[in-house]
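This is the structure I have questions about; it appears just below.
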Amino acid sequence: MTTANLLEFDLEGLAAFCEKLGEKKFRATQLFRWIHQRGASEFGQMTDLAKSLREKLAGTARVEALKVLSQHESADGTIKWLFDVGDGNAVEAVFIPEDDRGTLCVSSQAGCAVGCRFCSTGHQGFSRNLTTGEIIAQLWFAEHFLRKHLKRSERVISNVVMMGMGEPLQNYSALVPALRTMLDDNAYGLSRRRVTVSTSGVVPMMDRLGQDCPVALAVSLHAPNDPLRDDLVPLNKKYPIEELLDACRRYLAHAPRDFITFEYCMLDGVNDQPEHAKQLIELVKGAHGVSCKFNLIPFNPFPASGLLRSPQPRVLAFAKLLSEAGIVTTVRKTRGDDIDAACGQLAGDVKDRTRAAERMAQRRLAEHPVTVHRASRVAAKPGVQELEP
């Protein structure tokens, strides 16, 4: 008999499930608290539920987490898990501890179909969307593991960022119930300001998210003009920058914050020049600008990308130009790079259905044969990353 994994349901969905069992809606709230607040996976543990309900649940439902294939802990306290999602696919999630918060980076897809040039996940290709339960299972496991690991009884994870493997807005139907569970006071009780969806710019779904479940929004911009962004973020050919900024302005009417975060990966000689900074300033401060902050991200090189990391002095000079123009700008501190858990490094293990690696390699070789050759040689030299300023 097939049983339902209760991690798949937000509270509304769980209430409907309980009603089908002939139970009152308030039983769903009790059940929801046991699963998400207390981390219970056995119905026998749920002592305030009627015995008759526990018996019904035992025959119709389960609380099934993802199998952990590996766990790695960085010298800086960052922890990365590799989760088995079946059929030869595995996804990664990362916990990043800070003095004032604990952030979990969650995956939404096995692989990614967007194919951004600087992202190792995109170079692996795409297998499938994760289910709501597989998204929430990453948070469920991490939260309750960390409480035991850190010997804490209170909540450990205060922030969730949908910045792991995949494009969240291309898995919209599974994403929204997962977000609602994260926000629900009977589950994780996270603030809308502390749950962030990162997107490469799926404009129609940005509009829907603003209506259905507005949380903080981060947009992977990475370029100040369409020709360059077409090369770095292929989705730009469908939703160019002007359309993307229009969607950002519409989203702000519903957003829990009064700004959009623009993620900008700093690529040596590609998008890191003063003229690029000036174009960005004009883009977001001009007549049709948008309230925003910039998060400059050090690139983590891998040979297939054909790209290198911008030198630190150039990153700081770029940040200075933006800041002097009145744009709040931060330079992301690299965390967990000793365990390949830094931004852009999450790769997991994907049974690619799209031949992405082959297609992207052919494209790079055709468009930038010298650059690809140079980057491959540099990335192969021991220690070269550590020597970069």
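We count residues from 1, following the sequence as given.
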Exercise for review: Drop me the distance from Ile136's CD1 to Leu7's CG, to the nearest 0.5 angstrom.
Suggested key: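 With rounding to 0.5 Å, CD1 (Ile136) is 8.0 Å from CG (Leu7).
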Review point. When you measure from the side chain of Asp184 to the backbone N and O of Arg180, does any donor-acceptor pair fall under 3.5 Å?
Key: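 Checked: no pair found.
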Review point. Side chains of Ser291 and Leu252: closer than 4.5 Å at any heavy-atom pair?
Key: yes
Review point. Are the side chain of Thr131 and the backbone of Glu134 linked by a donor-acceptor contact shorter than 3.5 Å?
Key: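 Yes; judged by distance alone, with no hydrogens or angles, the pair exists.
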Practice item. May I ask you to check whether over 12 heavy atoms, not counting those of Asp100, lie within 6.0 Å of atom CG? Key: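 Result for CG/Asp100: enclosed.
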Exercise for review: Let me see the working for Val63 and Trp34 under side-chain contact (heavy atoms from CB on, under 4.5 Å), right down to the final yes or no.
Suggested key: CA-CA 11 Å; Val63 179; Trp34 272 108; over 6 Å; no
Review point. Nearest heavy-atom pair of Arg309 and Asn300: which atoms, and what distance?
Key: NH2-OD1, 3.1 Å
Review point. Should the ring pair Tyr188 and His36 be called parallel, tilted or perpendicular, given that the plane angle runs from 0 to 90° and is split at 30 and 60?
Key: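 Correct class here is perpendicular.
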Review point. Do Arg62 side-chain atoms and Thr3 backbone N/O form a donor-acceptor pair below 3.5 Å?
Key: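 It does hold such a pair.
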Practice item. Decide side-chain contact (heavy atoms from CB on, under 4.5 Å) for Val161 and Leu104; before the verdict, give the C-alpha distance in whole Å, the side-chain angles of both, and the deciding distance to 0.1 Å. Key: CA-CA 6 Å; Val161 292; Leu104 185 70; over 6 Å; no
**Study point:** Passing option when Leu267 is tested against Leu228, Ile297, Leu232, Leu308 for side chain to side chain contact (heavy atoms under 4.5 Å, CB included)
**Key:** Leu232
**Study point:** Candidates Thr121, Asn129, Asn89 - the one meeting side chain to side chain donor-acceptor pair (under 3.5 Å) with Gln109
**Key:**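 Running side chain to side chain donor-acceptor pair (under 3.5 Å) over Thr121, Asn129, Asn89 with Gln109 returns exactly one hit, Asn129.
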Practice item. Please say whether more than 12 non-hydrogen atoms of neighbouring residues, nucleotides or ligands are located less than 6.0 Å from CD in Gln71. Key: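 Atom CD in Gln71 is packed in, count exceeds 12.
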Exercise for review: Starting at CH2 of Trp81, measure out to CZ of Phe95 and round the result to the nearest 0.5 Å.
Suggested key: 7.0 Å
Review point. Just checking, any donor-acceptor pair under 3.5 angstrom between side chains of Arg101 and Ser158?
Key: no
Practice item. Begin from the C-alpha positions of Asn236 and Asp226 and carry the test side-chain contact (heavy atoms from CB on, under 4.5 Å) through to its verdict. Key: CA-CA 7 Å; Asn236 194 71; Asp226 284 325; 3.0 Å; yes
Review point. Residues in ring-ring contact (aromatic ring centres under 6.0 Å, His included) with Tyr251, at least two apart?
Key: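 ring-ring contact (aromatic ring centres under 6.0 Å, His included) list for Tyr251, sorted by chain: empty.
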Check your understanding: Distance only, no hydrogens: is a donor on one side chain within 3.5 Å (strictly under) of an acceptor on the other, for Asn186 and Thr29?
Key ->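 Judged by distance alone, the side chains do not pair up.
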Review point. Does Met165 offer a backbone N or O that forms a donor-acceptor pair with the side chain of Ser107 under 3.5 Å?
Key: yes
Practice item. May I have all residue pairs that pass side-chain hydrogen bond (donor to acceptor under 3.5 Å, both in side chains) and include part of residues 168-179, sequence neighbours excluded? Key: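 Residue pairs with at least one partner in residues 168-179: Tyr172-Asp212.
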Review point. Quick check: are there more than 12 heavy atoms from other residues, nucleotides or ligands sitting under 6.0 Å from CD of Glu19?
Key: yes
Review point. How long is the gap from CZ on Phe17 to CG on Leu31, to the nearest 0.5 Å?
Key: 8.5 Å
Check your understanding: Taking Asn5 for the side chain and Glu8 for the main chain, is one N or O donor matched with an acceptor at less than 3.5 Å?
Key -> no
Practice item. Evaluate the criterion salt bridge (charged side-chain N to carboxylate O under 4.0 Å, His left out) for residue pair Lys56 and Glu23; output intermediate values, then yes/no. Key: CA-CA 10 Å; Lys56 287 180 187 177; Glu23 298 290 335; 2.9 Å; yes
Check your understanding: Are the side chain of Arg152 and the backbone of Leu146 linked by a donor-acceptor contact shorter than 3.5 Å?
Key ->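 Checked: no pair found.
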Exercise for review: Please check if any side-chain donor atom of Ser220 sits under 3.5 Å from a side-chain acceptor atom of Glu263, or the reverse.
Suggested key: no
Practice item. Take Lys278 and Glu282, measure what salt bridge (charged side-chain N to carboxylate O under 4.0 Å, His left out) needs, and give me the verdict at the end. Key: CA-CA 6 Å; Lys278 292 171 184 175; Glu282 176 60 29; over 6 Å; no
Check your understanding: Can a donor-acceptor pair be found between the side chains of Arg27 and Gln30 at a distance below 3.5 Å?
Key -> yes
Exercise for review: Check the side chains of Thr199 and Glu167 for a donor-acceptor pair under 3.5 angstrom, ignoring hydrogens and angles.
Suggested key: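 Yes, Thr199 and Glu167 have a side-chain donor paired with an acceptor closer than 3.5 Å.
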Point to revise | Short side-chain to backbone donor-acceptor contact, Gln45 and Glu42, under 3.5 Å | key: yes
**Study point:** Donor-acceptor pair, side chain of Arg250 and main chain of Asp207, under 3.5 angstrom
**Key:** no
Practice item. For Ser310 and Asp268, indicate whether the former's side chain and the latter's backbone hold a donor-acceptor pair under 3.5 Å. Key: yes
Check your understanding: In Å and rounded to the nearest 0.5 Å, what is the CZ to CZ distance from Arg33 to Arg38?
Key ->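 Separation between the atoms: 9.0 Å.
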Practice item. Measure from the side-chain N and O atoms of Trp140 to the backbone N and O of Ile35, and report whether any donor-acceptor pair falls under 3.5 Å. Key: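 Yes; judged by distance alone, with no hydrogens or angles, the pair exists.
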Exercise for review: Determine whether the aromatic ring centres of Phe32 and Phe9 lie less than 6.0 Å apart.
Suggested key: no
Point to revise | Parallel, tilted or perpendicular: rings of Phe145 and Phe141 (30°, 60°) | key: parallel
Check your understanding: Do the non-hydrogen side-chain atoms of Thr78 and His72 ever get within less than 4.5 Å of each other?
Key -> no
**Study point:** Interatomic distance, Thr329 atom OG1 to Lys320 atom NZ [nearest 0.5 angstrom]
**Key:**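 So the OG1 of Thr329 and the NZ of Lys320 are separated by 12.5 Å.
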Point to revise | Flag if over 12 foreign heavy atoms under 6.0 Å of CD, Glu243 | key: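 Correct, the count exceeds 12.
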Point to revise | Candidate list Ile241, Val290, Asn225, test side chain to side chain contact (heavy atoms under 4.5 Å, CB included), partner Leu283, passing option | key: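 For Leu283, the side chain to side chain contact (heavy atoms under 4.5 Å, CB included) check succeeds only for Ile241.
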**Study point:** Heavy-atom check, side chain of Leu209 versus side chain of Pro168, under 4.5 Å
**Key:** no
Review point. In Å, rounded to the nearest 0.5 Å, how long is the span from SG of Cys18 to CG of Leu57?
Key: 6.5 Å
Review point. With a 4.5 Å heavy-atom cut-off, do Val91 and Leu130 have their side chains touching?
Key: yes
**Study point:** Set of ring-ring contact (aromatic ring centres under 6.0 Å, His included) partners for Phe294, sequence neighbours left out
**Key:**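 So Phe294 forms a ring-ring contact (aromatic ring centres under 6.0 Å, His included) with Phe262.
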Exercise for review: Begin from the C-alpha positions of Asp272 and Arg314 and carry the test salt bridge (charged side-chain N to carboxylate O under 4.0 Å, His left out) through to its verdict.
Suggested key: CA-CA 7 Å; Asp272 61 352; Arg314 195 180 305 152; 2.7 Å; yes
